[in-house]
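Only this structure's heavy atoms are used, side chains among them; waters, hydrogens and symmetry mates stay out. Quick note on labels: first sequence line is chain A, next is B, and so on, each numbered from 1.
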Amino acid sequence: MGNSYQERLSAWADDELGGFETRRMTDEVLKSEALRSRLKHYQLIGSAIRDEPAVALDQSFSDRVMAEIAALPEEEQWDLGMETEVSATDDSRRGVSWLKVLAGGAIAASVALISLTVLKSIHSLSGVEQPLAPQPVADVTDIKPLHDNTVAGTVASMPPSDLAKPVSSPSIAPQAVKPIPPAMQGSANARLLGGYLATHAEHAARRTMLPRARIMGFDIPVDEEP
Amino acid sequence: MSKGHENTARSSDEELIKRVKAGERQAFDILVGKYQSKIITLVSRYVKDPHQALDVSQEAFVKAYKGLATFRGDSAFYTWLYRIAINTAKNHLVAEGRRQPDSAIDVQDAEQYADYHELKDTATPESMLLSEEIKLTVSSAIKHLPEDLKIAITLRELEGLTYEAIAEAMDCPIGTVRSRIFRAREAIGKVLAPLLN
């Protein structure tokens with residue numbers, strides 16, 4: 001038994017070791033009679049320094065206690081009857097901890113479900129949940145003025161349900177936009193509208209810009225009609 | 001006693017309790033050795049007859065052993081043991097038909113004001129003689145210790161300071177305190193060995 005080992009025993013007697021060292025030293029003390037004897041000497045020295053009663057210096061007290069414990073019926077011994085009780089307690093503790101995990105999982109699932117529902121409702125309000133399915137786009141060359149001063153292409157003739165849908169991008173390529181017919185070119189507004197629609201058609205092909213802009217019609221002065 | 005010390009003490013006691021529950025009875029013997037003095041002192045405040053005080057203390061330890069299943073470790077083992085000892089002492093007084101003390105006795109009060117002289121009567125003349133000899137030897141050995149060892153062991157055993165507090169008081173590392181206390185115990189133990197053998 002080296003000095004450093006004995007020094008650890010001295011620190012263990014004072015409860016001054018860390019958790020791991022305490023466990024290891026407890027193992028050693030329980031295994032070694034020599035260590036237990038040395039420990040009793042340390043306790044004896046402490047009692048003598050504190051001038052404790054003579055009985056405290058008499059080791060026969062703990063011997064009597066241990067003799068009485070040894071004489072207990074079997075069911076009252078920890079190494080026999082009581083051990084079952086301990087394991088039963090451990091089992092119930094394990095059950096409680098399992099329930100805690102289950103309850104935690106249930107709470108987490110509830111929170112996730114609520115979050116999902118809220119997100120879904122937010123998206124449905126903003127209409128994001130509608131799919132970006134390919135849709136036919138108005139032919140910008142087919143724009144004609146109407147009697148009610150509304151200019152509309154085939155867009156205007158689309159059923160309202162289709163109009164509500166987002167414009168599809170992949171089906172439109174910039175080169176697919178035809179030039180404005182010469183009959184329309186005289187009108188400044190028509191030219192502007194044509195240019196706007198051409199730009200719109202070009203950008204509507206991308207998802208980042210004007211993805212759902214639609215021209216339903218606009219007013220032009222009667223004298224500008226071709 | 002600092003809080004930190006209580007925490008480490010609890011972990012050490014808990015280790016021993018765990019071993020007792022696993023069937024290692026020796027672990028309880030260590031606990032008895034560790035706390036017997038405090039418990040006997042405490043019980044003697046209630047039970048004046050020294051012989052009965054010893055019996056009640058013994059009964060308290062046996063009750064604690066049997067009741068370890070109910071010890072959850074929420075409080076320190078000694079606090080729990082203290083309550084058992086107090087209840088056992090009170091039950092003893094009731095059984096004897098005597099009036100209990102008016103107020104509960106604080107653990108520290110019991111340690112400080114216990115009348116050791118009454119307890120001395122319980123020992124046999126031989127053990128009394130040996131005890132006195134042990135005390136004189138230890139006292140003499142401490143006087144011959146180097147100053148730093150003497151201060152360290154006194155602060156630990158008499159004042160109950162933690163290593164950390166002693167290190168602060170002596171202005172040295174905790175490792176040095178640990179070493180000094182160990183060397184002091186070894187030096188006293190060497191002087192004491194012929195008596196104990």
Side-chain angles (χ1 to χ4, degrees), chain A residues 3-4 6-19 22-23 25-27 29-31 33 36-66 68-70 72 76-80 82-83 85-86 89, chain B residues 5 8-9 11-13 15-16 19-30 32-34 36-37 40-41 54 57-58 61-62 65-66 68-69 114 116 119-120 122-123 127-128 130-132 134-135 137-139 142 153-154 156-158 162-163 178-179 181-182 185-186 188-189 192 196:
Chain A
N3 264 3
S4 107
Q6 292 169 357
E7 192 179 308
R8 281 209 301 277
L9 175 70
S10 165
W12 184 86
D14 291 334
D15 300 311
E16 290 281 356
L17 288 183
T22 299
R23 281 195 295 278
M25 188 49 75
T26 307
D27 283 337
V29 169
L30 289 171
K31 274 185 214 160
E33 177 63 44
R36 284 201 299 277
S37 169
R38 187 171 285 269
L39 181 68
K40 285 193 173 178
H41 284 187
Y42 290 163
Q43 288 169 343
L44 188 72
I45 290 167
S47 292
I49 291 174
R50 291 187 295 272
D51 192 25
E52 283 177 356
V55 71
L57 300 174
D58 185 357
Q59 292 301 310
S60 64
F61 176 81
S62 66
D63 292 343
R64 284 206 303 275
V65 172
M66 294 314 291
E68 195 176 333
I69 285 171
L72 289 173
E76 289 182 320
Q77 296 290 341
W78 274 104
D79 48 346
L80 297 164
M82 289 193 194
E83 210 167 4
E85 198 177 339
V86 173
T89 312
Chain B
H5 182 66
T8 50
S11 74
S12 164
D13 286 352
E15 273 303 309
L16 288 168
R19 308 307 164 95
V20 176
K21 288 181 176 180
E24 291 184 76
R25 215 179 292 164
Q26 281 294 345
F28 196 75
D29 186 30
I30 295 170
V32 174
K34 190 173 180 179
Q36 63 178 14
S37 168
I40 292 167
T41 305
L54 275 186
S57 303
Q58 187 173 325
F61 275 110
V62 175
Y65 177 83
K66 290 199 274 189
L68 271 181
Y116 295 154
L119 287 169
K120 279 180 181 173
T122 62
S127 69
M128 279 275 292
L130 179 64
S131 296
E132 287 308 310
I134 287 171
K135 283 180 186 176
T137 309
V138 168
S139 175
I142 287 178
I153 192 74
T154 307
R156 172 64 212 164
E157 296 291 5
L158 269 183
T162 63
Y163 285 9
R178 178 169 134 164
S179 169
I181 290 172
F182 164 68
R185 280 175 176 154
E186 286 299 302
I188 297 167
L192 208 56
L196 298 176

Exercise. Ignoring hydrogens and geometry, is there a side-chain-to-backbone donor-acceptor pair from A/Glu16 to B/Tyr163 under 3.5 Å?
Worked result: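 Yes, the answer is positive, given that a donor and an acceptor are paired below the 3.5 Å cut-off.
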Taking the side chain as every heavy atom from C-beta outward, state whether [X] and [Y] have any pair of such atoms under 4.5 Å apart.
| X | Y | answer |
| --- | --- | --- |
| A/Ile69 | B/Arg25 | yes |
| B/Ile30 | A/Leu30 | yes |
| B/Tyr65 | A/Val65 | no |
| A/Ile49 | B/Lys135 | no |
| A/Leu17 | B/Arg178 | yes |

Restricting to non-hydrogen atoms, name the atom on [X] and the atom on [Y] that form the minimum distance, rounded to 0.1 Å.
| X | Y | value |
| --- | --- | --- |
| B/Ser57 | A/Phe61 | CB-CZ, 3.8 Å |
| B/Val138 | A/Ala48 | CG2-CB, 3.7 Å |
| B/Gly189 | A/Ile45 | N-CD1, 3.9 Å |
| A/Arg50 | B/Leu158 | CA-CD2, 4.0 Å |

Straight-line distance of [X] [atom1] to [Y] [atom2], nearest 0.5 Å:
| X | Y | atom1 | atom2 | result |
| --- | --- | --- | --- | --- |
| A/Asp51 | B/Ser131 | CG | OG | 10.5 Å |
| A/Ser62 | B/Gln58 | OG | CD | 10.0 Å |
| A/Tyr42 | B/Lys34 | OH | NZ | 15.0 Å |
| A/Met66 | B/Phe28 | CE | CZ | 7.0 Å |

Exercise. What do the steps show when you test A/Arg38 against B/Glu186 for salt bridge (Lys or Arg N to Asp or Glu O under 4.0 Å), and what is the final call?
Worked result: CA-CA 10 Å; A/Arg38 187 171 285 269; B/Glu186 286 299 302; 2.6 Å; yes
Exercise. With respect to chain A, which residue among B/Val62, B/Asp29, B/Leu16 yields the maximal number of heavy-atom pairs within a distance under 4.5 Å?
Worked result: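 Top option by heavy-atom pairs under 4.5 Å: B/Asp29.
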For this session: Check each atom of A/Leu39 against the heavy atoms of chain B and say whether the ones under 4.5 Å are side chain, backbone, both or neither.
Result: side chain
Exercise. Under a 4.5 Å heavy-atom cut-off, does chain B meet the side chain of A/Arg23, its backbone, both or neither?
Worked result: both
Problem set entry | A/Glu7 bridged to B/Arg185 by N-O distance under 4.0 Å |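 The answer is no: the pair does not qualify as a salt bridge.
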Exercise. Which bit of B/Thr137 comes within less than 4.5 Å of chain A, counting heavy atoms only: side chain, backbone, both or neither?
Worked result: neither
